[in-house]
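First up is the structure itself, then whatever we jot down about it.
Just so you know, these numbers come straight off a predicted model, no measurement behind them.
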Amino acid sequence: MTTLAVEDLKRVHRAIWSAGDYAAISDAITDELVPDQLLARVGIEPGHEVLDVATGTGNVALRAAATARAVGLDLTPELLEIARSRADAHGVDVEWVEGDAEDLPFESGRFDRVLSAFGVQFAPRHEVVAAELARVCKPGGTIGLASWTPEGAIGNMLAIIGRYSPPPPPYVSPPARWGSEEHVERLFAGEPVELQFERATKPLRFDSAEHFISFMEACYGPMVKARERLTGEGRWDDCRAELVDVFEARNESSNGRLQVDAEYLLAIAHKLD
């Protein structure tokens, strides 16, 4: 692994997350439920300084800013532009920073709360990210993360896309591993933190599994890019059919529509004084 190889990979990640319409994805899938749940678990108070890592279009940072001083960091400048517009519309102040979860541009021990909802799990080197999250969190502070689980619907979706994608470099870990308690325990094993876990679900409601995949292939960056590549290879129809089948098999609706409860892991790490 070289620095140049990692930087090349980060450029690919920027292109992936700037594709499609992540604001639509964030509103439809994350909406207010997960950020509010995450903030409730970590406790946000006036006077706190809160960092939202891999903020995307700012769902967590915007809500934290209603109570505390909030900073939102993301690798993708196009998403930060949307986040800035949303902050203006919400009438809240957030410091938006273009930066890398694997190299946070902040001094050690700065933040009372360090958070991420379905963000840091997509950074390639999990051990590096965990060390950075712990580094910038104050002693006595709290790290709070929401991550799709490997067993859940979104984890299954990511695994299918991964099977149809070129093998990643050996230093890259699958995103859904952040949704495994054992994996998170290993990541923070050398850090002065106490971990708590809770599994929860986010209901996904669409007209049908076909409608859901149509929405995702138009708006969700990883699927947009997979569709572009696989269409050229003549393999997108096969991949897409597998994705539709997964969500049809998980459908819990009795009214002919789609309802899938997508599982995620809340990992709360209290940093010791």
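- With 3.5 Å as the limit, one finds a donor-acceptor pair spanning the side chains of S26 and N59.
- A donor and an acceptor atom, one from each side chain of Q121 and H126, are nowhere located under 3.5 Å apart.
- Contact between G155 and W148 at its shortest, heavy atoms only, is N-CB, 4.5 Å.
- Across all non-hydrogen atoms, the minimal contact from P150 to N156 is O-ND2, 3.3 Å.
- Judged purely by distance below 3.5 Å, without hydrogens or angles, the side chains of T201 and E263 never pair a donor atom with an acceptor atom.
- A donor-acceptor pair shorter than 3.5 Å cannot be found between the side chains of Y164 and E233.
- Here R257 does not pair with E210 in a salt bridge; the nearest charged N to carboxylate O distance is not below 4.0 Å.
- A donor-acceptor pair is defined here as one N or O able to donate and one able to accept, closer than 3.5 Å; such a pair exists between the side chain of R113 and the backbone of V42.
- Using modelled atom types and a 3.5 Å distance limit, the side chains of N255 and S253 yield a donor-acceptor pair.
- Atom CG of D93 has 12 or fewer heavy atoms from other residues, nucleotides or ligands within 6.0 Å.
- The two residues V224 and A19 have their closest heavy-atom pair at CG1-CB, 4.1 Å.
- Remark: R14 does not engage E78 in a salt bridge, criterion side-chain N to carboxylate O under 4.0 Å.
- Side chain to side chain, R240 and S214 meet the donor-acceptor criterion of an N or O pair below 3.5 Å.
- Nearest heavy atom pair, residue A15 against residue K225, reads O-CE, 3.7 Å.
- In summary, the aromatic rings of F122 and W17 are positioned with their centroids under 6.0 Å apart.
- For the pair E102 and K10, the salt-bridge criterion is met [side-chain N within less than 4.0 Å of a carboxylate O].
- In the model, Y264 has a side-chain atom that pairs as donor or acceptor with a side-chain atom of Q37 under 3.5 Å.
- Open room surrounds CD on E194; 12 or fewer heavy atoms of other groups in view lie less than 6.0 Å from it.
- Here the side chains of V53 and L104 are in contact, with some heavy-atom distance below 4.5 Å.
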| request: In sequence, state the C-alpha distance, the side-chain angles, and the governing distance for E228 and R235, and then conclude on salt bridge (charged side-chain N to carboxylate O under 4.0 Å, His left out). | output: CA-CA 10 Å; E228 291 175 356; R235 297 195 297 149; over 6 Å; no
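- Considering all non-hydrogen atoms of both residues, C137 and D112 come closest at SG-O, 4.4 Å.
- Ion pair R86/D27 flagged as a salt bridge, since at least one NZ, NE, NH1 or NH2 atom sits closer than 4.0 Å to an Asp/Glu carboxylate oxygen.
- D74 contributes a side-chain N or O that, together with a main-chain N or O of T55, makes up a donor-acceptor pair within less than 3.5 Å.
- Salt bridge annotation for E49-K138: absent, with no cationic side-chain nitrogen under 4.0 angstrom from a carboxylate oxygen.
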